[in-house]
Amino acid sequence: MRLLRSGKSNLHPIERQNFSRLGALSEWCDRAIHLQCASGYDTLSLLLEGAKDVVGVDISEVHIQNAQWTSAQLEMPAQWFCCDLLDTPSELNETADLVYTGQGAINWIHDIEAWAGVVARLLCPGGVLSLLDDHPASWLFSQDSEALEASGINYFSHAETNRGWSPEYIGDLGKPRDQHAIKHERVWTIAQVVQALLKAGLQLEYLGEHPDEYWSAFPKLSEADKSRIPMTFSIIARKPA
Ligand SMILES: C[S@@+](CC[C@H](N)C(=O)[O-])C[C@H]1O[C@@H](n2cnc3c(N)ncnc32)[C@H](O)[C@@H]1O
């Protein structure tokens, strides 16, 4: 909030670098739709990056209430929708020059083709998707280890259901772990994500694999070890004009 108040964008340097391939947002982005916007800091950052109008979509009522509060406090107008992204209202169809998502998003999606279909229906012809998210290969390593150790998961078909959050990820929620909500997440391989986007009719313009993190997923690992594995990947994909 302090960052936004001072007029600074919260976006990751990789996202900003990817945008720089497309020219200034102020020149081409009349509307950006942020899927899985959480409390909207990155959504509002898109205004600072040059988008003229921003829309945030998230399934969490608490996140959307926070987002509404923040945009009102900062006098940064935005539209917020509280729904499953698969149910994003049809009034938004083909209105986005940019669909922006990631930073802990697609692991919560359980039907990647349906997700890609929503991205495609929201984009205007010629509009682009920007995605930066955890690299699926990073799941192959144990997050609690001080050296690179196999987590033992199956890269090609991993889904998990558990309770509790890593404090590195979401901070101290103030409740014992056994009282946290149950969460369901899964790994989508790079191929599954790209194939879903291609099947939805998008064209891949950029695919990057990066050692850079956006959160401290491996708090005990040395920087040297972290630099040896792909932590994140990013995509720019376009709906044909
Ligand atoms: C880790 S957060 C993403 C944070 C985001 N990168 C940001 O701007 O801060 C994941 C978000 O996905 C949302 N979410 C999970 N499943 C969803 C769904 N099916 N539809 C919409 N939002 C969903 C959660 O409520 C949560 O806010």
Side-chain angles (χ1 to χ4, degrees), residues 1-4 8-16 18-19 32-49 51 54-71 74 76 78-90 92 96 98-119 121-122 129-136 138-139 143 159-162 164-171 173 180-188 193 196 210 212-217 231-235:
M1 174 107 166
R2 205 175 297 143
L3 200 68
L4 285 174
K8 292 195 181 122
S9 161
N10 199 38
L11 296 198
H12 193 280
I14 291 171
E15 295 170 323
R16 305 188 80 208
N18 286 350
F19 286 149
I33 299 181
H34 183 182
L35 295 178
Q36 296 176 255
C37 68
S39 293
Y41 292 123
D42 294 348
T43 324
L44 296 174
S45 292
L46 291 167
L47 282 175
L48 297 175
E49 296 285 343
V54 295
V55 178
V57 177
D58 200 279
I59 202 168
S60 157
E61 279 178 30
V62 173
H63 272 317
I64 290 297
Q65 282 164 8
N66 287 342
Q68 287 166 333
W69 185 85
T70 304
S71 62
L74 297 177
M76 297 175 80
Q79 292 183 68
W80 306 103
F81 290 88
C82 184
C83 60
D84 188 318
L85 70 86
L86 298 181
D87 299 324
T88 303
S90 56
L92 295 174
L98 170 67
V99 169
Y100 169 89
T101 192
Q103 298 202 34
I106 59 168
N107 54 308
W108 306 113
I109 301 299
H110 296 281
D111 183 341
I112 200 71
E113 291 191 0
W115 165 83
V118 172
V119 172
R121 88 170 154 84
L122 296 177
L129 164 73
S130 164
L131 167 71
L132 167 72
D133 224 323
D134 293 288
H135 197 296
S138 70
W139 285 68
Q143 291 188 343
E160 63 184 49
T161 297
N162 56 37
W165 297 93
S166 151
E168 283 77 22
Y169 185 62
I170 208 165
L173 292 177
H180 294 179
I182 291 175
K183 60 191 197 293
H184 307 272
E185 56 185 321
R186 58 176 302 150
V187 176
W188 294 109
V193 176
H210 318 281
D212 313 69
E213 298 175 288
Y214 67 90
W215 70 293
S216 182
M231 291 287 184
T232 49
F233 75 108
S234 67
I235 282 178

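Indexing begins at 1, ligand by ligand and atom by atom, following the structure's order.
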* Structure fact -> Interatomic distance, CG@L4 vs CE@M1, rounded to 0.5 Å, equals 8.0 Å
* Numbered atoms of ligand 1 (with element) below 4.0 Å of W108, judged on heavy atoms -> 10 (C), 15 (C), 16 (N)
* Show your working on side-chain hydrogen bond (donor to acceptor under 3.5 Å, both in side chains) between W80 and S71 and close with a plain yes or no. => CA-CA 10 Å; W80 306 103; S71 62; 3.1 Å; yes
* To do: Any atoms of ligand 1 less than 4.0 Å from a non-hydrogen atom of D84? List them with their elements.
  => 18 (C), 19 (N), 20 (N)
* Go through the structure and list residues passing salt bridge (charged side-chain N to carboxylate O under 4.0 Å, His left out) with E160, not counting sequence neighbours. => none
* Would you say the side-chain atoms of H135 and T232 include a donor-acceptor pair closer than 3.5 Å? -> no
* Report yes or no: does A105 have a heavy atom closer than 4.0 Å to ligand 1? => no
* Subset of ligand 1 atoms that lie under 4.0 Å from at least one heavy atom of L85 -> 18 (C), 20 (N), 21 (C)
* Do we see a donor-acceptor contact under 3.5 Å between the side chains of D133 and W188? -> no
* **Proximity flag H34 to ligand 1, non-hydrogen atoms under 4.0 Å** => yes
* **side-chain hydrogen bond (donor to acceptor under 3.5 Å, both in side chains) between Q103 and E15, intermediate numbers included** => CA-CA 10 Å; Q103 298 202 34; E15 295 170 323; 3.1 Å; yes
* To do: Measure the distances from the heavy atoms of S39 to every atom of ligand 1 and state whether one is below 4.0 angstrom.
  => no
* Structure fact -> Note: H63, heavy atoms under 4.0 Å from ligand 1, region reported as side chain
* Asked: So which of S45, G104, G102, C83 gets nearest to atom 6 (N) of ligand 1, if we judge by its closest heavy atom?
  -> G102
* Distance-only side-chain donor-acceptor flag, H34 / T101, under 3.5 Å -> no
* Structure fact -> Among D58, I106, D42, L11, closest by heavy atom to atom 27 (O) of ligand 1 is D58
* Which atoms of ligand 1 are found less than 4.0 Å from any heavy atom of A38? -> 4 (C), 7 (C), 9 (O), 27 (O)
